[in-house]
K.L.:
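I'd like to ask you about the structure that follows.
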Amino acid sequence: MLNKHIPIPLYYQLKEKLSAAILSGELPPGALLPSERELSDHYSISRMTVRQALGEMVKEGLLVREQGKGTFVAEPKFNQGLLKLTSFSEDMRNRGLKPDSKILAIYVQDATPAVAAELRLEAVGINQQVIVFERVRLADNKPMAYEISHLPLHRFPELEQESLHSTSLYNLLEEKYGLVIRYARQTMEVGLSRPAESDILGIPAGSAVLKIERTTFDADDEPIEYVKSVYRGDRYKLYAELHR
Ligand code: 16G
């Protein structure tokens with residue numbers, strides 16, 4: 001029960017109780033919470049107080065609201081390491097999840113000036129076209145990220161024919177094309193999902209997302225991929241080990 005005789009607000013006490021139940025596993029990921037009315041009856045507090053506690057927990061990413069269905073315990077976030085160059089497939093397998101992709105589109109187009117600069121296609125005589133892969137990345141069949149990869153056509157003229165369903169791009173480049181993927185430069189920024197991205201990722205429009213841009217280089221220091229990704233903010237947190 002909540003204690004009305006101590007100077008700790010009731011909504012805060014309820015939050016603490018629910019958070020402790022989530023942490024202990026008593027309320028596991030995906031569990032449906034009792035309704036606002038049930039919680040207010042059970043704890044003898046107003047529905048406003050319940051709403052405040054749940055609202056804050058939704059904002060903090062501990063709970064998710066699904067319209068018409070109720071409030072659920074959120075899936076835990078993944079720690080995404082910042083120091084190793086890994087593929088999505090490797091990341092998911094390391095977490096014991098099955099990686100997969102849904103291909104939304106594969107096409108060849110002229111590189112925009114920004115993409116041409118990233119992939120160093122500006123030199124005279126180089127084919128300025130890129131192969132573009134638009135993929136939804138899935139973990140255990142749930143959407144995690146949306147990626148648009150651009151690869152220089154002159155390096156991979158046959159790549160457009162490859163079936164990338166359930167296949168790792170990095171694996172294909174390494175195994176079939178004998179490429180050595182050496183390092184990448186990456187920026188990450190916080191953003192809000194656009195309506196189309198929200199539909200693809202199955203999240204409400206305007207949700208917090210992580211926007212990542214990466215240029216990947218081979219052993220000769222040549223750029224081989226420029227990717228723009230939108231990662232679900234409710235499933236990822238960044239992790240780094242810092243030394244001094
Ligand atoms: C990661 C990379 C992406 C790369 C993909 C390869 C980021 C932001 N993106 O998702 O650039 O194309 O891995 O994954 O990290 P795959 O080998 O499983 O296709």
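Numbers here simply count residues along the sequence, with the first being 1. Keep in mind that the numbers below use all heavy atoms, side chains included, and drop hydrogens, waters and symmetry copies.
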K.L.:
Would a single hydrophobic cluster contain both L169 and I131, if residues Ile, Leu, Val, Met, Phe, Trp and Tyr are joined by side-chain heavy-atom contacts under 4.5 Å?
P.N.:
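Yes, because I131 and L169 connect within a single hydrophobic cluster, where side-chain heavy atoms sit under 4.5 Å apart.
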K.L.:
Just wondering, more than 12 heavy atoms not from E26 lying within 6.0 Å of its CD?
P.N.:
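Atom CD in E26 is not crowded, with 12 or fewer foreign heavy atoms closer than 6.0 Å.
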K.L.:
Is any side-chain heavy atom of V209 less than 4.5 Å from a side-chain heavy atom of I203?
P.N.:
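V209 vs I203: side chains touch.
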K.L.:
So, the side chain of D140 versus the backbone of L97: is there a donor-acceptor pair under 3.5 Å, distance only?
P.N.:
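No.
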K.L.:
Answer yes or no: are there more than 12 heavy-atom neighbours, outside R47 itself, under 6.0 Å from its atom CZ?
P.N.:
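More than 12 within 6.0 Å, yes.
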K.L.:
Take R235 and K77 through the test side chain to side chain contact (heavy atoms under 4.5 Å, CB included) and record every step on the way to the result.
P.N.:
CA-CA 4 Å; R235 299 308 315 278; K77 291 187 184 186; 5.6 Å; no
K.L.:
Step through the shown structure and confirm whether more than 12 heavy atoms of other residues, nucleotides or ligands are within 6.0 Å of NZ on K142.
P.N.:
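No, the 6.0 Å shell around NZ holds no more than 12 heavy atoms from other groups.
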K.L.:
Return yes if a side-chain donor-acceptor contact under 3.5 Å exists between N3 and Q13, otherwise no.
P.N.:
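Per modelled atom types, N3 and Q13 side chains form no pair under 3.5 Å.
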K.L.:
Taking the side chain as every heavy atom from C-beta outward, state whether L14 and T49 have any pair of such atoms under 4.5 Å apart.
P.N.:
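A side-chain contact is absent here, since even the closest heavy-atom pair is not under 4.5 Å.
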K.L.:
State, without any angle test, whether Y107 and E134 hold a side-chain donor-acceptor pair at a distance under 3.5 Å.
P.N.:
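Yes, E134 and Y107 have a side-chain donor paired with an acceptor closer than 3.5 Å.
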K.L.:
Does the side-chain hydrogen bond (donor to acceptor under 3.5 Å, both in side chains) test come out yes or no for R185 and T215, once each step is laid out?
P.N.:
CA-CA 5 Å; R185 294 205 182 109; T215 308; over 6 Å; no
K.L.:
Should I181 and L85 count as side-chain neighbours, where that means a heavy-atom distance under 4.5 Å?
P.N.:
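SC-SC contact between I181 and L85 confirmed.
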K.L.:
Are any of the side-chain nitrogens in K15 or E60 under 4.0 Å away from the carboxylate oxygens of its partner?
P.N.:
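The answer is yes: the pair qualifies as a salt bridge.
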K.L.:
Identify the two heavy atoms, one from P29 and one from P76, that lie closest to each other, and give their separation to 0.1 Å.
P.N.:
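Distance-wise, the nearest heavy atoms are CG-CD, 3.8 Å.
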K.L.:
I want to check something: taking the side chain as every heavy atom from C-beta on, are F217 and E222 in contact at a cut-off of under 4.5 Å?
P.N.:
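Contact flag for F217/E222 side chains = no.
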K.L.:
Check for me whether R214 meets the cation-pi criterion with Y226, that is, NZ or CZ under 6.0 Å from the six-membered ring centre and within 45 degrees of the ring axis.
P.N.:
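Relative to the ring axis of Y226, which defines the angle, R214 lies outside at least one limit.
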K.L.:
From E90 CD over to K84 NZ, what is the distance, rounded to the nearest 0.5 angstrom?
P.N.:
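Answer for the CD-NZ pair, E90 versus K84, is 7.5 Å.
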K.L.:
For S193 and G206, indicate whether the former's side chain and the latter's backbone hold a donor-acceptor pair under 3.5 Å.
P.N.:
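Yes, the answer is positive, given that a donor and an acceptor are paired below the 3.5 Å cut-off.
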K.L.:
Search all heavy atoms of S168 against all heavy atoms of S87 and return the closest pair with its distance.
P.N.:
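Where S168 meets S87 most closely, the heavy atoms are OG-OG, 4.3 Å.
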K.L.:
If you take all heavy atoms of L63 and V73, which pair is closest and at what distance?
P.N.:
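Minimum heavy-atom separation between L63 and V73: CD2-CA, 4.0 Å.
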K.L.:
Report yes if the side chains of L82 and M188 come closer than 4.5 Å at any heavy-atom pair, otherwise no.
P.N.:
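Answer yes - side chains close enough.
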K.L.:
Would V130 and V108 count as a side chain to side chain contact (heavy atoms under 4.5 Å, CB included) here? Give the steps.
P.N.:
CA-CA 6 Å; V130 285; V108 170; over 6 Å; no
K.L.:
Between L33 and L62, is there shared hydrophobic-cluster membership here, with clusters defined by ILVMFWY side-chain heavy atoms closer than 4.5 Å?
P.N.:
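L33 and L62: one cluster.
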K.L.:
Would you compute the distance between atom CZ of F88 and atom OG of S101 and round it to the nearest 0.5 angstrom?
P.N.:
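That separation rounds to 7.0 Å.
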K.L.:
Pairing donors with acceptors under 3.5 angstrom, does anything connect the side chains of E147 and Y231?
P.N.:
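Yes, side-chain donor-acceptor contact under 3.5 Å.
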K.L.:
Return the CD to CG distance between Q129 and L153, rounded to the nearest 0.5 Å.
P.N.:
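Q129 atom CD to L153 atom CG measures 5.5 Å (nearest 0.5 Å).
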K.L.:
Do the non-hydrogen side-chain atoms of V115 and L121 ever get within less than 4.5 Å of each other?
P.N.:
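A side-chain contact is absent here, since even the closest heavy-atom pair is not under 4.5 Å.
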K.L.:
Check whether any side-chain heavy atom of P99 sits under 4.5 Å from a side-chain heavy atom of L138, and report yes or no.
P.N.:
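Heavy-atom side-chain distance check fails, nothing below 4.5 Å.
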K.L.:
State, to 0.1 Å, how close P223 and R120 come at their nearest heavy-atom pair, and which atoms those are.
P.N.:
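Closest approach of P223 to R120: CD-NH1, 3.4 Å.
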K.L.:
Taking 4.0 angstrom as the limit, do E197 and K211 come out as a salt bridge?
P.N.:
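Salt bridge flag = yes for K211 with E197.
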K.L.:
How about Y12: does its OH atom have over 12 heavy atoms from other parts shown lying under 6.0 Å from it?
P.N.:
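No.
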K.L.:
Is the cationic atom of R135 (NZ for Lys, CZ for Arg) positioned less than 6.0 Å from the six-membered ring centroid of Y146 and within 45 degrees of its normal?
P.N.:
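Output no; distance or angle outside limits.
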K.L.:
Please determine if D234 and R232 form a salt bridge, counting it only when a charged side-chain N lies under 4.0 Å from a carboxylate O.
P.N.:
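Result for this pair is yes, salt bridge flagged.
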K.L.:
What distance separates I224 CD1 from S149 OG, expressed to the nearest 0.5 Å?
P.N.:
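I224 atom CD1 to S149 atom OG measures 9.5 Å (nearest 0.5 Å).
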K.L.:
Of all the heavy-atom pairs spanning P34 and L39, show the shortest one and how long it is.
P.N.:
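Between these two residues, the closest heavy atoms are O-CD1, 3.8 Å.
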K.L.:
Please answer: with hydrophobic residues joined when any side-chain heavy atoms are less than 4.5 Å apart, are V132 and I126 in the same cluster?
P.N.:
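Yes; I126 is reachable from V132 via cluster members.
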K.L.:
Will you find, in the side chains of D221 and Y183, an N or O donor that is under 3.5 Å from an N or O acceptor?
P.N.:
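Y183 and D221 do have a side-chain donor-acceptor pair below 3.5 Å.
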K.L.:
Please determine whether side chain to side chain contact (heavy atoms under 4.5 Å, CB included) holds for the pair S44 and K4, giving the CA-CA distance in whole Å, both sets of side-chain angles, and the decisive distance to 0.1 Å.
P.N.:
CA-CA 10 Å; S44 309; K4 294 188 177 170; 4.1 Å; yes
K.L.:
What's the verdict on side chain to side chain contact (heavy atoms under 4.5 Å, CB included) for R65 and F72, showing C-alpha distance, side-chain angles and the deciding distance?
P.N.:
CA-CA 6 Å; R65 269 203 190 106; F72 297 83; over 6 Å; no
K.L.:
Is any side-chain heavy atom of D220 closer than 4.5 Å to a side-chain heavy atom of V180?
P.N.:
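Counting from C-beta outward, D220 and V180 never come under 4.5 Å.
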K.L.:
So with a 6.0 Å cut-off around NZ of K102, is the heavy-atom count from everything else above 12?
P.N.:
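Incorrect, the count does not exceed 12.
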K.L.:
Say you draw a straight line from CG of D218 to CG of L179; how long is it, rounded to the nearest 0.5 Å?
P.N.:
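Rounded to the nearest 0.5 Å, the CG-CG separation comes to 5.5 Å.
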K.L.:
According to a 4.5 Å side-chain heavy-atom criterion applied to Ile, Leu, Val, Met, Phe, Trp and Tyr, with indirect links allowed, do I22 and L2 form part of one hydrophobic cluster?
P.N.:
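Yes; tracing contacts between hydrophobic side chains, which count when under 4.5 Å, links both residues.
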K.L.:
Got a second to check how far L54's CG is from M57's CE, nearest 0.5 Å?
P.N.:
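Going from CG on L54 over to CE on M57, the span is 7.5 Å.
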K.L.:
Under a 3.5 Å distance rule, please check whether E38 uses its side chain to pair with a backbone N or O of S35 as donor and acceptor.
P.N.:
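Yes; judged by distance alone, with no hydrogens or angles, the pair exists.
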K.L.:
Treat each ILVMFWY residue as a node, draw an edge where side-chain heavy atoms are under 4.5 Å apart, and state whether F133 and Y170 are in one component.
P.N.:
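Linked, F133 and Y170 end up in one cluster.
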